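Report on the structure given below.
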Amino acid sequence: MLKNSVREYRAKFRFSQQDLADKIGVTRQTIGLIEKGDYAPSVTLALKIAAAFQVPVEEVFRLEGEN
């Protein structure tokens with residue numbers, strides 16, 4: 001299962017969902033779905049999100065529960 005820290009990083013950077021969406025070229029709804037875990041972003045989108053927070057993608061997204 002793909003887990004993420006998008007909400008935590010957004011709070012740290014004081015970005016609204018709309019701010020982040022505008023920065024990476026998606027809708028606010030997409031950010032909400034990613035944060036809830038209802039949508040797994042493409043590799044490109046995950047990299048754009050990580051770049052917006054200036055961290056490696058592995059700090060924002062991780063696999064959990066996989067053996």
Side-chain angles (χ1 to χ4, degrees):
M1 174 175 261
L2 184 66
K3 298 288 186 173
N4 72 74
S5 301
V6 174
R7 181 174 287 139
E8 292 81 3
Y9 274 100
R10 242 187 355 90
K12 179 179 177 182
F13 280 75
R14 294 190 168 108
F15 289 166
S16 67
Q17 285 183 342
Q18 189 65 57
D19 293 336
L20 180 58
D22 290 345
K23 212 170 194 21
I24 63 172
V26 298
T27 65
R28 181 199 56 77
Q29 290 85 353
T30 298
I31 300 302
L33 290 171
I34 292 170
E35 288 182 354
K36 290 190 317 187
D38 292 341
Y39 177 75
S42 67
V43 172
T44 302
L45 185 52
L47 289 168
K48 286 181 179 182
I49 291 169
F53 299 133
Q54 303 171 348
V55 297
V57 70
E58 297 88 355
E59 287 191 30
V60 182
F61 296 95
R62 64 200 171 283
L63 286 176
E64 286 189 1
E66 304 263 333
N67 292 331

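The structure displayed is predicted, hence computed values, not measured ones.
- P41 is listed as a side-chain neighbour of F61, based on a closest heavy-atom distance under 4.5 Å.
- With rounding to the nearest 0.5 angstrom, the CD1 atom of I31 is 11.5 Å from the CZ atom of R7.
- Pairs passing the salt bridge (Lys or Arg N to Asp or Glu O under 4.0 Å) check and including a residue from residues 17-26, sequence neighbours excluded, do not occur.
- Partners of R28 according to the salt bridge (charged side-chain N to carboxylate O under 4.0 Å, His left out) rule, which considers only residues two or more places apart in sequence or in another chain, do not exist here.
- Between the side chain of N4 and the main chain of R62, no donor-acceptor pair closer than 3.5 Å is present.
- Side-chain contact of Q29 with Q17: a donor-acceptor pair under 3.5 Å is absent, judged by distance alone.
- Looking at residues two or more places apart in sequence or on another chain, you find a side-chain hydrogen bond (donor to acceptor under 3.5 Å, both in side chains) between E59 and Y9.
- In this structure K36 satisfies the salt bridge (charged side-chain N to carboxylate O under 4.0 Å, His left out) test together with D38, sequence neighbours excluded.
- At a threshold of 4.5 Å between non-hydrogen side-chain atoms, the residues L20 and V26 do not count as touching.
- Counting heavy atoms from C-beta on, the side chains of S42 and L47 never come closer than 4.5 Å.
- Ring-plane geometry between F53 and F13 is classed as tilted, the angle between the planes lying from 30 to 60 degrees on a 0 to 90 degree scale.
- With a 4.5 Å cut-off on side-chain heavy atoms, V57 and V43 do not count as touching.
- Note that NZ of K3 and OG of S5 are 10.5 Å apart. Values are rounded to the nearest 0.5 Å.
- For Y39, there are no ring pair (Phe, Tyr, Trp, His ring centres under 6.0 Å) partners at least two apart in sequence or on another chain.
- Here the closest heavy-atom approach between residue P56 and residue A50 is recorded as C-CB, 4.0 Å.
- Look at E8 and R10 and you find no salt bridge, because none of the NZ, NE, NH1 or NH2 atoms lies under 4.0 Å from a carboxylate O.
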